[in-house]
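Throughout, numbering of the chain's residues begins at 1 and tracks the sequence.
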Amino acid sequence: ITLFEGGPEKGKSTILVDLAARVTTGDSFPGETETRQPGHVVMLIAEDDIQTTVVPRLMAAGADLSKVSFLGITKDEKGDVVPFQMSDDCDRLRRRCIEVGATFIVVDPLVSYLGSRKGRVLNTNNDLEVRKALGPLKDLAERSRASVAAIRHYRKGVGTDAMEAGGGSVGFAALVRVNVAALPDRPRCVGDLGQPHRLGHGPHAEQHQWQRSVHGSRRAGRGLRGVA
């Protein structure tokens, strides 16, 4: 699991859309030169409208939309919408991933899916509860061999410690494999940086820049580009 963190309007969702598009086409990631087999992406989106926001972003990023699935809402016997909750519905996510052969799962934002319909409210400041809530997603990733990228927002008025800047328990950052901070590049520059600030293992990764622009993309129809 990779956790993308940052403040409002820092491009977290935009970066994940770009990475999802690359998975669907087999395009190389920022810092890479080799391509790969196209894969299927499953997206859990809570804040942005799928048809008016997410799909246009995917199209601008050059995604193969036939390889993108959104886990749709469900309704109870009364016709009321039943929100997706990881503790209750992870099996539904697992079935969808198996059905389409997903290799990449996007959760945006993570905390929107960590509640429970059983009346228990998740205390996001409690390390034990957070680790337990993330357990099903971590297990799904390990069993399916799919990569998971999730978003968490930074709290307002925090210090400079990236591990503690995200909302809630430090367990969020401790349980995942990689943490990436989405930060503005430099004053007066258009773009966002994806800066790894914690790696679970292996060598330290490089910093990459995403430029949010309509023109100057790496290929026709792509509204984003990753620059190593």
(request) Give the minimum heavy-atom separation between Leu58 and Ala20, together with the two atoms involved. (result) CD2-CB, 4.4 Å

(message) Give me the atom names and distance for the closest heavy-atom approach of Phe4 to Lys12.
(response) O-CD, 4.1 Å

(message) Could you check whether Asp18 pairs with Arg22 (Lys NZ or Arg NE/NH1/NH2 to Asp/Glu carboxylate O, under 4.0 Å)?
(response) yes

(message) Please check: side-chain N/O of Thr24 versus main-chain N/O of Ala21, any donor-acceptor pairing under 3.5 Å?
(response) yes

(request) Would you indicate whether the side-chain heavy atoms of Phe29 and Val23 approach each other to under 4.5 Å? (result) yes

(message) Between Asp48 and Ile45, is the side chain to side chain contact (heavy atoms under 4.5 Å, CB included) condition met? List the steps.
(response) CA-CA 7 Å; Asp48 293 319; Ile45 307 294; 4.2 Å; yes

(request) For Arg92, look at atom CZ and say whether over 12 heavy atoms of other residues, nucleotides or ligands are found less than 6.0 Å away. (result) yes

(request) Output the distance between atom CZ (Arg57) and atom CD1 (Ile50), rounded to the nearest 0.5 Å. (result) 12.0 Å

(message) How long is the straight-line distance from CG of Leu44 back to OH of Tyr113, given to the nearest 0.5 Å?
(response) 5.0 Å

(request) May I ask you to test the Cys90-Leu140 pair for a side-chain heavy-atom distance under 4.5 Å? (result) yes

(request) Indicate yes or no: does Asp139 engage Arg94 in a salt bridge with an N to O separation below 4.0 Å. (result) yes

(message) Can you give me the closest heavy-atom contact between Asp64 and Ser66, atom names plus distance?
(response) OD1-OG, 2.6 Å

Show me the donor-acceptor pairs, under 3.5 Å and distance only, between side chains in residues 96-108 and residues at least two apart or in other chains.
{"unit_1": "Arg96", "atom_1": "NH1", "unit_2": "Phe70", "atom_2": "O", "d": "3.4"}
{"unit_1": "Asp108", "atom_1": "OD2", "unit_2": "Ser13", "atom_2": "OG", "d": "2.7"}

(message) Could you report the tightest heavy-atom contact between Glu142 and Lys138, atom names first, then the distance?
(response) OE2-NZ, 2.7 Å

(message) Under 3.5 Å, is there a donor on one side chain and an acceptor on the other for Asp27 and Thr25?
(response) no

(message) I need the minimum non-hydrogen distance between Pro136 and Ala133, along with the two atoms involved.
(response) CD-O, 3.3 Å

(message) Could you check whether any side-chain heavy atom of Ser69 comes within less than 4.5 Å of a side-chain heavy atom of Val42, counting everything from C-beta outward?
(response) yes

(message) Checking Gln85 against Leu114 for the side chain to side chain contact (heavy atoms under 4.5 Å, CB included) test, could you report, in this order, the C-alpha distance in whole Å, the side-chain angles of both residues, the deciding distance, and whether it holds?
(response) CA-CA 6 Å; Gln85 302 293 354; Leu114 294 182; 5.8 Å; no

(request) State, yes or no, whether a side-chain contact exists between Val148 and Thr2 at a heavy-atom distance under 4.5 Å. (result) no

(request) Would you sort out whether Leu134 and Met86 count as a side chain to side chain contact (heavy atoms under 4.5 Å, CB included), showing the intermediate values? (result) CA-CA 8 Å; Leu134 286 175; Met86 203 64 67; over 6 Å; no

(message) Counting C-beta onward and ignoring hydrogens, is there a side-chain heavy-atom pair between Val180 and Glu5 closer than 4.5 Å?
(response) no

(request) With rounding to the nearest 0.5 Å, note down the distance linking CG in Asp127 to CD in Glu129. (result) 10.5 Å

(request) Would you mind reporting whether Leu65 and Lys67 have side-chain heavy atoms less than 4.5 Å apart? (result) no

(request) Could you tell me whether the side chain of Leu137 reaches within less than 4.5 Å of the side chain of Leu110, counting heavy atoms only? (result) yes

(request) Give the minimum heavy-atom separation between Leu128 and Asn126, together with the two atoms involved. (result) N-OD1, 3.0 Å

(message) Any heavy-atom pair between the side chains of Glu47 and His153 that's under 4.5 Å?
(response) yes

